[in-house]
Amino acid sequence: MASPTATDAPPACPVPARILVVGGGGRENALGWALARCPGVEQVLVAPGNGGTAALAGCGQLAIAETDHGALAAACRERAIDLVVVGPEAPLAAGLADRLRAEGLAVFGPGAEGALLEASKRWAKELMEEAGVPTAGYWAATDRQEALEALERHGQPLVVKADGLAAGKGVTVADSLEQCRQAIEEVFAGRFQTAAPGQEVAGPSLVLEERLQGPEVSVFALTDGRRMVLLPPAQDHKRIGEGDTGPNTGGMGAYAPAPLLDGAGLEQVRQLVLEPILAALRARGIDYRGVIFAGLMLTEAGPKVIEFNCRFGDPECETLMPLLGPELARVLLACATGCLEGAPSLTIEPRCSACVIAAAEGYPGEVRRGDPIHGDLEDHPDLQLFHAGSRREENGQVVTAGGRVLAVVAQADDFDIAFERAYGGLGRVGFEGMVYRRDIGHQVRQRRPALP
Ligand code: AMP
Ligand code: GLY
């Protein structure tokens, strides 16, 4: 029998000593916090970071915008960065990972082509069709008339989705044909048109989708392009108001693991959704290294994909990071370098994690900014305070600087205690005009928690 040779052995999977996290939201604060805790990680830099990452143990901050790819590449060279983790979708869609990989850097996050999974609804729908992934039926249109005709032929309200990145604002779930027509007009009036810096804006285009019914759940696969590790399913709360009312937001709170999807359900999602989409990406020659985020609706006919994203969800990331073990940094580097097979398994704590977002007055519309943030949470192993829209002023005062400002996250053996702990923590921090939902996790709470 042949003895194993160097080429048979799985590639070595080291710990990245110096990590750069790109982005400045709650997600990046949570990523920086989790990576800095991994044994062997010496330094985590966050660019541009926020008022919370400035104070994180083991973390530093770089005042470089996520759009400045040249300056990010130069910082990686100067600081001998071993791993770059790109948080948001916009720099991924704009090719930041391609640029850094071309310089020989290990990057967790797909290139611009892979990021089309999120950046183009139409491209994603075509790939899902090719891969046989269950999703809502759809009609794509690049022309107003074509879209209106497709709607009239269907004769029922459809979900209208502007193509391209629209910061979560390009989707209209219409109740009437008239609302659908209006949404179509808005798309073709160019209301959701965005382009990454240096890129051309394509003409407006959209996808019309059948409306599905059922609870929503977020599933995350960390992948090296071939293999994948699944994280516990999480449930987000997208509406601003209690009882899931009012306009959509980036997400007002989350919890994990969501019992909606048990072990067998998650395995079904792996087989029906994640493995086939990864195979379809590979078949197109796309070596996708990063997170595949499947936003699913659990319909009576089984799980169906509402959307794919090319990044961690926010606030799902804040919710999940405290459950992940000390192997996280090695696993992300292994994804970035295509050697997940040789990586240690990622420990996932079998506990309940609860996250509540504190937003600024006016969110999701225009918000007030510049209000001092007071209070802090002492070092408690089961309670974390992550910052999102916050900024540290020169005098050291941290002030509000965005819509979603803080994320308070807590873990416990059951959801009642986890939410009690999170809301208790929220009672100890704040700022003028702070708004939050008191019913996050209502789906999994048995009794009403003691609220601050
Ligand atoms: P997206 O920006 O694609 O996440 O869509 C925003 C929200 O619209 C989702 O979280 C769903 O609640 C809803 N949505 C999107 N597509 C559909 C669909 N086909 N049927 C019902 N609801 C949808
Ligand atoms: N929380 C949903 C998202 O990040 O898209």
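A quick note: this is a predicted structure, and the numbers were derived from the prediction, not measured. Every number for a ligand or one of its atoms is a count from 1 in the order of the listing.
Side-chain contact between Glu66 and Pro88 is present, with heavy atoms from C-beta onward closer than 4.5 Å. Met128 is listed as a side-chain neighbour of Phe308, based on a closest heavy-atom distance under 4.5 Å. In this structure, the side chains of Leu20 and Leu83 stay at 4.5 Å or more apart for every pair of heavy atoms. Under the 4.5 Å side-chain criterion, counting only non-hydrogen atoms from C-beta, Pro232 is in contact with Leu320.
Some N or O of Asp314 is nearer than 3.5 Å to an N or O of ligand 2, by distance alone. Taking only nitrogen or oxygen atoms, main chain and side chain alike, Ile306 does not reach within less than 3.5 Å of ligand 1. Considering backbone and side-chain atoms together, Asn248 places no N or O closer than 3.5 Å to any N or O of ligand 1.
Here is the list of ligand 2 atoms found below 4.0 Å of a heavy atom in Glu316: 1 (N), 2 (C). With ligand atoms numbered from 1 in the order given, ligand 2 contributes 1 (N), 2 (C) to contacts under 4.0 Å with heavy atoms of Gly250. Against a heavy-atom cut-off of under 4.0 Å, Glu307 is close to the following atoms of ligand 1: 1 (P), 2 (O), 3 (O), 4 (O). Using a 4.0 Å cut-off to heavy atoms of Lys161, the atoms of ligand 1 that qualify are 3 (O), 15 (C), 16 (N).
Heavy atoms of Arg311 found under 4.0 angstrom from ligand 2 belong exclusively to the side chain. Counting heavy atoms closer than 4.0 Å to ligand 1, residue Glu210 contributes backbone atoms (N, CA, C, O) but none from C-beta onward.
Relative ring orientation between His237 and His442 is described as perpendicular, the plane-to-plane angle rising above 60° on a 0-90° scale split at 30° and 60°. The aromatic rings of Tyr436 and Tyr423 are tilted relative to each other, their planes meeting at an angle between 30° and 60°.
Remark: aromatic rings of Phe312 and Phe293 are distant, center separation not under 6.0 Å.
In this structure, Gly313 counts as a contact residue of ligand 2, since one of its heavy atoms falls inside 4.0 Å of the ligand. At a 4.0 Å cut-off, not a single heavy atom of Arg27 sits close enough to ligand 2 to count as contact. For Lys304, the heavy-atom gap to ligand 1 stays at 4.0 angstrom or more. At least one heavy atom of Met297 sits less than 4.0 Å from an atom of ligand 1.
Applying the ring-ring contact (aromatic ring centres under 6.0 Å, His included) test to residues at least two apart or on different chains, none of the pairs has a partner in residues 112-133.
Residues forming a ring-ring contact (aromatic ring centres under 6.0 Å, His included) with His380 (at least two apart in sequence, or on another chain): none.
Nearest protein neighbour of atom 2 (C) of ligand 2, counting heavy atoms only, is Asp236 OD2, 3.4 Å.
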